[in-house]
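Lettering follows sequence order; numbering is per chain, from 1. These numbers come from a predicted model, not from an experiment.
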Protein chains: 2
Amino acid sequence: MDLTLTPSTEDYLKAIYEISQEKRVVRIKDLADKLKVKMSSVANAVKQLANKELIVHEHYGYIELTDKGFEVGKSLYERHLVLYKFLTQILQVEPGIASKDACSIEHYLHKETVERIVKLLDFISTAPNSTPQWMIKFKKFLETGVSECRYAKTLDRLEVGTKAKIKSIRLESTIKKRLMDMGVIKGETIKLTKKAPLGDPIEIEVKGYKLSLRKKDAKQIEIEEV
Amino acid sequence: MDLTLTPSTEDYLKAIYEISQEKRVVRIKDLADKLKVKMSSVANAVKQLANKELIVHEHYGYIELTDKGFEVGKSLYERHLVLYKFLTQILQVEPGIASKDACSIEHYLHKETVERIVKLLDFISTAPNSTPQWMIKFKKFLETGVSECRYAKTLDRLEVGTKAKIKSIRLESTIKKRLMDMGVIKGETIKLTKKAPLGDPIEIEVKGYKLSLRKKDAKQIEIEEV
DNA sequence: TGCAAATGTTAGTTGTATCTAACTTTATTT
DNA sequence: AAATAAAGTTAGATACAACTAACATTTGCA
C-alpha cells in the first residue's frame, strides 16, 4: 500500500484530523469550507484517501479516520504547528502570514529540516531564562535595525589599486562574451589598475591579463569588496 | 503586462539568471540539464517567459534576459541564497538538503517572512563576536540535546485530583460524540476526580459535569499537564 | 563539403487538481 | 407528508507542467 501523499491530499488529511478534534463528525461540507474549495473537489480527495485506507467514507455519510489515518493526520498537524511556532515565535512573523506560509511550506521540507526547527524551539524554551537574551536583542534589532539595502557597488566606482570580487554581470552578449573569455566571471577577483581622467575608460587586471573597459560597461558589473 | 510567475516559471527564470552568470550564453540544453527536465519542457517555459518579455529568444538561438528579466531573475536568485544561508548557517541543515529545501520553499514564502530571515542573518553577522554565544550553545545542543520525544501522556495515567488539558482524542464515533457533547474537546481542561481499584473505570470532571470512562477509552485521550 | 551528432521545435498525451453543472440523497420546515 | 433546503455525487471541462515521439535546424568533424 502506497501511503505517499501529494501536497493537496496532505492538506485534506490534516484538515480532517483538525475537524475531527473540534467537531463531533467530519463532513464533506466542513472540509470544503475549511479549505475553500468546492465540495466536488473534496469528494475527489476523499476518494483517494479512502483508497489508501487512511479514512473511511460511506456514501452520503460521515468521514472517519482509520488508525493509520489518525496517526498520519496528527503528525501532519503537528508539523504544521512546529512551523507556525517557529515563524511567529522566532522570526516574529505576523500570525496571519505565518499561518499561510506554514501551510505552503510544510509539504516540502525534509524531515531533517523540521527536526532542526523542533530542536531550535526546544533549545529556546529550555533556556534558563524563558526568553533568551539574544532573542530580546533580535526583537529590538527588528524594530530599529534597518537591514541596510546597501547600494549594489559597481565596478566603475571601485578605487584604483583595490581588489574586488565579481557579483553579477549585466551586459550585451558580444561584450559579455569577450569579457568572459578573459576570465571576467562571477566570483572572480579583479583589480582596478588605472582610471582615465573622467573615469572613462578604466583598466582592470584579471588572471594576469589587463583589459580596458568603458565606464558605461563597468557600471553594469556589480562587485563586492574583499 | 502580468508579471506573475508560477513556481515552475520562477525556477526557469532563476536558472537562466544563474547560467547567464556562469556561461557566455544560455541555451535550452543548459536549462534542461540544470533543471533535470526534457528540452521540450524548457521550450514551453521559455515561450512563456518570452511572452512576459522577461527574456528574448530567437528560433534555434540563444536566450537572453531583458532588463526586467535580469532584475527579477537576480532577485529570485538572491532570495534562494538567503534561504540557503539560513538553513545551513542557522539551522545547521546539511548543504544537500538545504539546497533542495530552499528550492522548494522559496516560491511560497511571503516577502515579509523572507525579510525577517534576512534580518536574522544580518543580526547574526553584525553581532559583536562573529558567532554569537547562543549559536555556539545551540550547536552543542544539536549534538547532545535529544529533543525528548516524550511519550504522549494519556488520560488513564493522570493522577487523581490533578488537572490536564486535552490534546487529542481518538475514539469510535458514538463514544466520541457522547463525550464531545459533554464538553470533552481539544483544549478543554479536565480534572480526574476518581479512579476505581484497578483504574477502571475512572471519573473525570469537565465543565462542572462529572462523567465516568472506561480505562481503554481514557487511554485514547491524549493530555498535556497544566 | 557533406554527413552525423547535437540541439531545438512541435504536436499530442498524461496526470493532477481544480472547476461547473446537472443530478441524487438526506435533513428541515411548515 | 410534502415541499424546500442543504449536502453529496458524478461527469465532463479547464489549466498547468511535465512527458514522448517525430521532425527541423545547426554544429562540428572526417
Tell me whether the count of non-hydrogen atoms from other residues, nucleotides or ligands lying under 6.0 Å of NZ in K100(B) goes above 12.
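Open.
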
For E94(A), I'd like to know if atom CD has over 12 heavy atoms of other residues, nucleotides or ligands within 6.0 Å.
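No, not enclosed.
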
Report yes if some heavy atom in the side chain of Q89(A) is under 4.5 Å from a heavy atom in the side chain of I124(A); otherwise report no.
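Answer no - side chains too far apart.
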
Less than 4.5 Å apart, side chain to side chain, heavy atoms only: is that true for L54(B) and I16(B)?
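No, every pair of side-chain atoms sits at 4.5 Å or beyond.
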
[X] side-chain N/O to [Y] backbone N/O, donor-acceptor pair under 3.5 Å:
X: E222(A); Y: S168(A); value: no
X: Q220(A); Y: I169(A); value: no
X: K14(B); Y: C103(B); value: no

DNA chain C contacts made by residues 5-25 of chain A, counting heavy atoms under 4.0 Å
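Output list: T6(A), S8(A), Y12(A).
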
Length of the line joining [X]:[atom1] and [N]:[atom2], which is rounded to integer Å:
X: L49(A); N: dA17(C); atom1: CG; atom2: P; result: 10 Å
X: H107(A); N: dA17(C); atom1: NE2; atom2: P; result: 11 Å
X: L35(B); N: dC19(D); atom1: CG; atom2: C1'; result: 15 Å
X: K38(B); N: dG15(C); atom1: NZ; atom2: P; result: 17 Å

How close do K34(A) and E22(A) get, counting heavy atoms only, and between which atoms?
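For K34(A) and E22(A), the tightest heavy-atom pair comes out as NZ-OE1, 4.4 Å.
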
Dump the pairs, protein N or O against N or O of nucleotides 8-10 of chain C, anything under 3.5 Å, distances to one decimal.
| unit_1 | atom_1 | unit_2 | atom_2 | d |
| --- | --- | --- | --- | --- |
| dG8(C) | OP2 | K29(B) | N | 2.7 |
| dT9(C) | OP1 | Y60(B) | N | 3.3 |
| dT9(C) | O3' | H59(B) | NE2 | 3.3 |
| dT10(C) | OP1 | H59(B) | NE2 | 3.2 |
| dT10(C) | OP2 | K47(B) | NZ | 3.3 |

